[in-house]
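Everything on this sheet refers to the single structure shown next.
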4 protein chains.
Amino acid sequence: MEFKKNQTIYKQIADFIYENIMTLKWPVDQKISSVRELAGLLQVNPNTVMRTYSMLQDQGIIYNKRGIGYFVSAGAPDNIETMKRNHFVNVELPEVFKKMNLLKIDIEEVNTIYHNQSK
Amino acid sequence: MEFKKNQTIYKQIADFIYENIMTLKWPVDQKISSVRELAGLLQVNPNTVMRTYSMLQDQGIIYNKRGIGYFVSAGAPDNIETMKRNHFVNVELPEVFKKMNLLKIDIEEVNTIYHNQSK
Amino acid sequence: MEFKKNQTIYKQIADFIYENIMTLKWPVDQKISSVRELAGLLQVNPNTVMRTYSMLQDQGIIYNKRGIGYFVSAGAPDNIETMKRNHFVNVELPEVFKKMNLLKIDIEEVNTIYHNQSK
Amino acid sequence: MEFKKNQTIYKQIADFIYENIMTLKWPVDQKISSVRELAGLLQVNPNTVMRTYSMLQDQGIIYNKRGIGYFVSAGAPDNIETMKRNHFVNVELPEVFKKMNLLKIDIEEVNTIYHNQSK
DNA sequence: GTGGTCTAGACCACC
DNA sequence: GTGGTCTAGACCACA
């Protein structure tokens, strides 16, 4: 896996996990990779993975059974989706709109780009 | 002037200058505030302003006359606008579209939000 | 390491690094000294080394892995050599020739001095 | 007159005067332009010209009659030439040779460039 | 007055 | 441990 340099690695790992959970590749209550396992797979320092897991645990996305490992929480797939959706609609989109204003880019232009790109 | 904590100060100062140049408050070939002056005005260390000015000089936005000060480069207003425009269209928009895909948000929904918000 | 006072320290550090890379003492993809390490070694403030590293990163000579350190870029040895060669041939030599013209010094004389000196 | 940005202005003014004296446009014992006059001509701060004149006076190239102005010293044309010649041969050329060594550029190559350029 | 460089020391996020 | 940013204050050459 390759990481973008403009974002922290542990957050990109979180995105990787989010996607696995949302797409149900990692179903609810299933044990996920151990810290060392995932660190080895992603060629990353175990501390970094640990940091991701801690964050996800704080968010209630995964839970921990001591001595056994981390598991996907009930409701995680839906929670992730609404969390991301809210963030996108309430935080990211307004920023985009604000920038469009500054650059005098019309919403029509964005529509055009969107449709052209998907061809 | 107040600074957001999630972005570096010297880049926020750059944005401040970008806007002054784009809106022609600071016309081409006009001397801009000296390092110390702007530092005093923004309540910031002169080194921080110096860092901004160096970056802008590398970008060709401003130029320097030794012992006199910094001046707005010819073509700077247009260059800033195209630079920002390109970044928005080629970098930011694709990321937005990608996220829309993941969250299964249609372009129509974005249009709706856009028009609602502007009311 | 001692520094000449007629040139800035951070550029002299860059020259030091250029040489280590060109002579392959520091091979491609090898981690180079950390900012603090080199600062201690050269008896210089870490900020000064940081400045050098930033410049070299802009030039593509070194790259950064977050939280780990700086590494020599692929192709860096060749790039440094061609960069220096170009500067010498296109900038420095013409100035020398121009001065020879003013002082009415023949190229033959330069040849003589060159061969005498090397004895 | 235009100034290169990689060298100080007052030294470039000195070069301008050196040339006028060496080519005998400004003969020995002739009064040269006043500080203000030259400053106006070159579009430069009078302090900068003053600095040049001070340096030239220290070098014995020009002398001052109080209340009247600056004059070209006897022997100035020859002195400038030998001064420049010595500096070129003893300081600049060795540096060039040293750089040629580092970049493994042969004296033959320099000869070739020299002859090609003059065509 | 102007920019430019450097030091000393601090704090932060990240690996 | 790593880089990165910022402050405070100093010194210098130059215009």
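Naming convention: chains lettered A, B, ... in sequence-line order (proteins, then strands); numbering from 1 in each chain. Atoms considered below: every heavy atom in the structure, side chains included; atoms not considered: hydrogens, waters and symmetry mates.
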5' priority, DNA chain E, between B:Ile68 and C:Arg66 [closest heavy atom]
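Nearest nucleotide further toward 5': that of B:Ile68.
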Whichever of B:Ser33 and C:Gln7 has its nearest DNA chain E nucleotide further upstream toward 5':
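It is B:Ser33 whose nearest nucleotide is closer to the 5' end.
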Can you tell me if the side-chain N/O atoms of [X] get under 4.0 Å from OP1 or OP2 in [N]?
{"X": "B:Thr48", "N": "F:dT7", "answer": "yes"}
{"X": "D:Tyr10", "N": "F:dC14", "answer": "yes"}
{"X": "A:Arg51", "N": "E:dC15", "answer": "no"}

Between [atom2] on [N] and [atom1] on [X], what's the gap in Å once rounded to a whole number?
{"X": "C:Leu56", "N": "F:dG3", "atom1": "CG", "atom2": "C1'", "value": "15 Å"}
{"X": "D:Lys5", "N": "F:dA15", "atom1": "NZ", "atom2": "C1'", "value": "18 Å"}
{"X": "C:Tyr63", "N": "F:dT2", "atom1": "OH", "atom2": "P", "value": "17 Å"}
{"X": "C:Gln57", "N": "F:dG3", "atom1": "CD", "atom2": "C1'", "value": "10 Å"}
{"X": "C:Ile62", "N": "F:dG3", "atom1": "CD1", "atom2": "P", "value": "10 Å"}
{"X": "D:Met55", "N": "F:dA15", "atom1": "CE", "atom2": "C1'", "value": "15 Å"}
{"X": "B:Phe3", "N": "F:dC6", "atom1": "CZ", "atom2": "P", "value": "9 Å"}
{"X": "D:Asn45", "N": "F:dA15", "atom1": "CG", "atom2": "P", "value": "9 Å"}

Assigned partner base of E:dC14, Watson-Crick or wobble definition, under 3.5 Å
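For E:dC14, the partner nucleotide comes out as F:dG1, under the 3.5 Å rule.
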Starting from the C-alpha separation in whole Å, work towards a yes-or-no answer on salt bridge (Lys or Arg N to Asp or Glu O under 4.0 Å) for D:Asp15 and D:Lys84.
CA-CA 10 Å; D:Asp15 282 331; D:Lys84 288 220 153 194; 2.9 Å; yes
Distance under 6.0 Å and angle within 45° of ring axis: D:Lys65 vs D:Phe71
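Relative to the ring axis of D:Phe71, which defines the angle, D:Lys65 lies inside both limits.
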Tell me, please, whether D:Tyr70 has D:Lys31 positioned over its six-membered ring: NZ or CZ under 6.0 Å from the ring centre and within 45 degrees of its axis?
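Geometry flag: not set, cation outside 6.0 Å or 45°.
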How would you label the contact of C:Asn64 with the nucleic acid (heavy atoms, under 4.0 Å): base, sugar-phosphate, or nothing?
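Sugar-phosphate only.
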Quiz item: D:Asn47 side-chain donor-acceptor pair to E:dG1 base, under 3.5 Å:
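Answer no: no donor N or O sits under 3.5 Å from an acceptor.
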Can you check whether any acceptor in the base of E:dG1 is under 3.5 Å from a donor in the side chain of B:Arg36, or vice versa?
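Donor-acceptor pair under 3.5 Å: no.
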Mapping C:Lys65 and D:Lys11 to their closest nucleotides on DNA chain F, which lands nearer the 5' end?
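Counting from the 5' end, the first nearest nucleotide belongs to C:Lys65.
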Could you pick out which residue, B:Ile9 or C:Lys31, lies toward the 5' side of DNA chain F when each is mapped onto its nearest nucleotide?
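The answer here is C:Lys31.
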Nearest-nucleotide pick for B:Val44, side chain only, options being F:dT5, F:dT7, E:dT2:
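Of the options given, the side chain of B:Val44 lies nearest F:dT7.
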Closest to the B:Thr8 side chain: F:dC6, E:dC14, E:dG3?
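In terms of side-chain proximity for B:Thr8, the closest of F:dC6, E:dC14, E:dG3 is F:dC6.
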Any sub-3.5 Å donor-acceptor pair from A:Gln12's side-chain atoms to A:Gln7's backbone N or O?
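Side chain of A:Gln12 to backbone of A:Gln7, a donor-acceptor pair under 3.5 Å: yes, one is there.
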Answer yes if the side chains of B:Tyr18 and B:Gln59 hold a donor-acceptor pair under 3.5 Å, and no otherwise.
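Result is yes, a qualifying pair exists.
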Would C:Tyr63 and C:Asp29 count as having a side-chain donor-acceptor pair, cut-off 3.5 Å?
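Per modelled atom types, C:Tyr63 and C:Asp29 side chains form a pair under 3.5 Å.
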